[in-house]
Amino acid sequence: MVNFAHRGDSINYPENTLLAFKEAIKAGASGIELDVHKTKDNKLVVIHDEDIERTFLGRGLVKNFTLEELKAFKCRRVLFRDNPECHIPTLEEVLDIVKKSNIILNIELKTDEIHYEGIEEDVINLIKKYALNNNVLLSSFNLDSIRICKEIDSNIKTGLLYYKTIENIIEIAKALKADAIHPYLELVNEELIREAHKFNLELNIYTVNDPKYMRMFRNGGVDGLFTDDPKLLKEIIMEK
């Protein structure tokens, strides 16, 4: 089972920062999950929200700032405000870290509210530049993004994210030629796990921080869990 550090080791460090990703690897994560947007000058940056205000000392949409402007914003968490590894990173900076390990990288394309032009192609080109094709899974809530990724490269792995019940989710995933489904944890039951595996779909669940659920899903044979606490999940995976 893949232990995906959700936005890095985000229980202990500022989410989606180089520090959080480095610490996730140290904590024993076998996967990292992150979110990608595009800047005003067409650069790929790693941050969760469309607006920077929740995690950084500033306000405004990512798409309305240049990379240089975004880099100037300080982390909202006081303890990490002056840490050089807690600014908004580029996707390329994260790939520089990941390429040195055998980590599986889940890149969420944040296109559910703003569909950035060409983001799928730009991300896939960068993955290929780093020769990480076999270690990357591209996910999105946006069905069009999943479809576009497969049109660009049929071999790129994709995962379909969803947060509310979709009765025909397996059929939708198959139609999109997706490789995985990524449901919110409350949507998962034994039947879904069985159906997904019957049709050769991986099942990766978000966001699992409670050890009770970690054990339940581990025992249920799911393929991966997204967690804010990769150290705790590693301990549970290693239990006899």
Side-chain angles (χ1 to χ4, degrees), residues 1-36 46-48 55 75 77 79-80 83-109 123 126-127 130-139 157-159 161 179-186 188 193 196-197 201-240:
M1 184 175 75
V2 182
N3 175 359
F4 284 104
H6 182 242
R7 308 177 201 170
D9 185 354
S10 55
I11 199 165
N12 295 309
Y13 304 94
E15 66 178 58
N16 275 328
T17 61
L18 296 179
L19 181 62
F21 298 134
K22 286 179 178 179
E23 293 298 331
I25 294 169
K26 286 182 191 173
S30 50
I32 282 175
E33 186 271 352
L34 55 78
D35 310 275
V36 173
V46 177
I47 184 172
H48 181 270
T55 47
C75 177
R77 288 176 64 175
L79 287 176
F80 301 93
N83 190 313
E85 293 190 319
C86 292
H87 293 285
I88 298 172
T90 62
L91 179 57
E92 200 151 1
E93 286 174 314
V94 180
L95 295 184
D96 280 329
I97 295 169
V98 171
K99 72 178 180 182
K100 298 166 188 170
S101 65
N102 200 31
I103 286 279
I104 296 170
L105 186 62
N106 183 105
I107 300 173
E108 181 182 341
L109 303 169
V123 169
L126 194 56
I127 291 164
Y130 278 79
L132 288 170
N133 315 38
N134 296 328
N135 289 66
V136 170
L137 179 62
L138 299 181
S139 66
K157 286 186 72 175
T158 59
L161 278 157
D179 301 276
I181 54 172
H182 294 179
Y184 176 56
L185 68 92
E186 291 185 5
V188 181
I193 298 169
H197 289 160
L201 287 166
E202 291 178 8
L203 184 69
N204 303 311
I205 305 167
Y206 76 96
T207 304
V208 186
N209 294 326
D210 186 325
K212 174 182 69 180
Y213 284 108
M214 289 177 177
R215 288 188 180 92
M216 182 179 77
F217 290 133
R218 181 202 64 181
N219 296 340
V222 304
D223 299 281
L225 298 180
F226 298 100
T227 182
D228 299 328
D229 195 345
K231 186 173 184 290
L232 175 61
L233 180 54
K234 184 183 181 187
E235 289 172 8
I236 287 171
I237 290 172
M238 299 296 287
E239 285 175 353
K240 299 290 185 186

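- Note on ring orientation: taking the six-membered ring where Trp is involved, the planes of Y184 and Y206 are tilted (angle from 30° to 60°).
- A 4.5 Å side-chain heavy-atom check between E85 and T17 finds every atom pair outside the cut-off.
- Evaluation of the side-chain contact (heavy atoms from CB on, under 4.5 Å) rule for L95 yields L91, L105, L126, Y130, L132 as partners, not counting sequence neighbours.
- By the side-chain contact (heavy atoms from CB on, under 4.5 Å) test, K234 pairs with N3, M238, sequence neighbours left out.
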Check step by step if side chain to side chain contact (heavy atoms under 4.5 Å, CB included) holds for L203 and V188.
CA-CA 9 Å; L203 184 69; V188 181; 4.2 Å; yes

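- Using a 4.5 Å heavy-atom cutoff, the side chains of T55 and P14 are not in contact.
- Among residues two or more places apart in sequence or in another chain, the side-chain contact (heavy atoms from CB on, under 4.5 Å) test is passed with I25 by I32, I97, S101, I103.
- At a threshold of 4.5 Å between non-hydrogen side-chain atoms, the residues K231 and N12 do not count as touching.
- In this structure, K157 NZ and N134 CG are separated by 9.5 Å, a value rounded to the nearest 0.5 Å.
- Across all non-hydrogen atoms, the minimal contact from V136 to L138 is CG1-CD2, 3.8 Å.
- With sequence neighbours excluded, the residues that form a side-chain contact (heavy atoms from CB on, under 4.5 Å) with D210 are K212, Y213.
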After noting the C-alpha distance and the side-chain angles of T207 and T227, does the key distance pass the side chain to side chain contact (heavy atoms under 4.5 Å, CB included) rule?
CA-CA 5 Å; T207 304; T227 182; 5.5 Å; no

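- Heavy-atom minimum distance, C86 versus C75: O-CB, 3.5 Å.
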Could you check D179 against E202 for side chain to side chain contact (heavy atoms under 4.5 Å, CB included), going step by step and ending with a plain yes or no?
CA-CA 6 Å; D179 301 276; E202 291 178 8; 5.9 Å; no

With side chain to side chain contact (heavy atoms under 4.5 Å, CB included) as the test, would you mind laying out the steps for I107 and V123 before giving the verdict?
CA-CA 9 Å; I107 300 173; V123 169; 4.1 Å; yes

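- In this structure, OG1 in T90 is found 7.5 Å from CG in D96, a value given to the nearest 0.5 Å.
- A donor-acceptor pair is defined here as one N or O able to donate and one able to accept, closer than 3.5 Å; no such pair exists between the side chain of R7 and the backbone of H48.
- Not counting sequence neighbours, the partners of S10 by the side chain to side chain donor-acceptor pair (under 3.5 Å) test are D228.
- Closest approach of S139 to L161, counting heavy atoms only: OG-CD1, 3.7 Å.
- Taking each heavy atom of N16 and I47 in turn, the nearest pair found is ND2-C, 3.7 Å.
- Distance check, rounded to the nearest 0.5 Å: CE of M1 to CE of M214 gives 8.5 Å.
- The number of heavy-atom neighbours closer than 6.0 Å to CG of N102, taken from other residues, nucleotides and ligands shown, is 12 or below.
- Closest approach of H197 to D223, counting heavy atoms only: NE2-OD2, 2.7 Å.
- Contacts of F217 classified as ring-ring contact (aromatic ring centres under 6.0 Å, His included), with partners at least two apart in sequence or in another chain: none.
- Looking only at side-chain heavy atoms (C-beta outward), H182 and L137 come within less than 4.5 Å of each other.
- Interatomic distance, CG of D35 versus CG of N106, reported as 9.0 Å (0.5 Å rounding).
- To the nearest 0.5 Å, atoms CD1 (I11) and CD (E23) are separated by 14.0 Å.
- Under a 3.5 Å cut-off, the side chain of E33 and the backbone N or O of A5 do not form any donor-acceptor pair.
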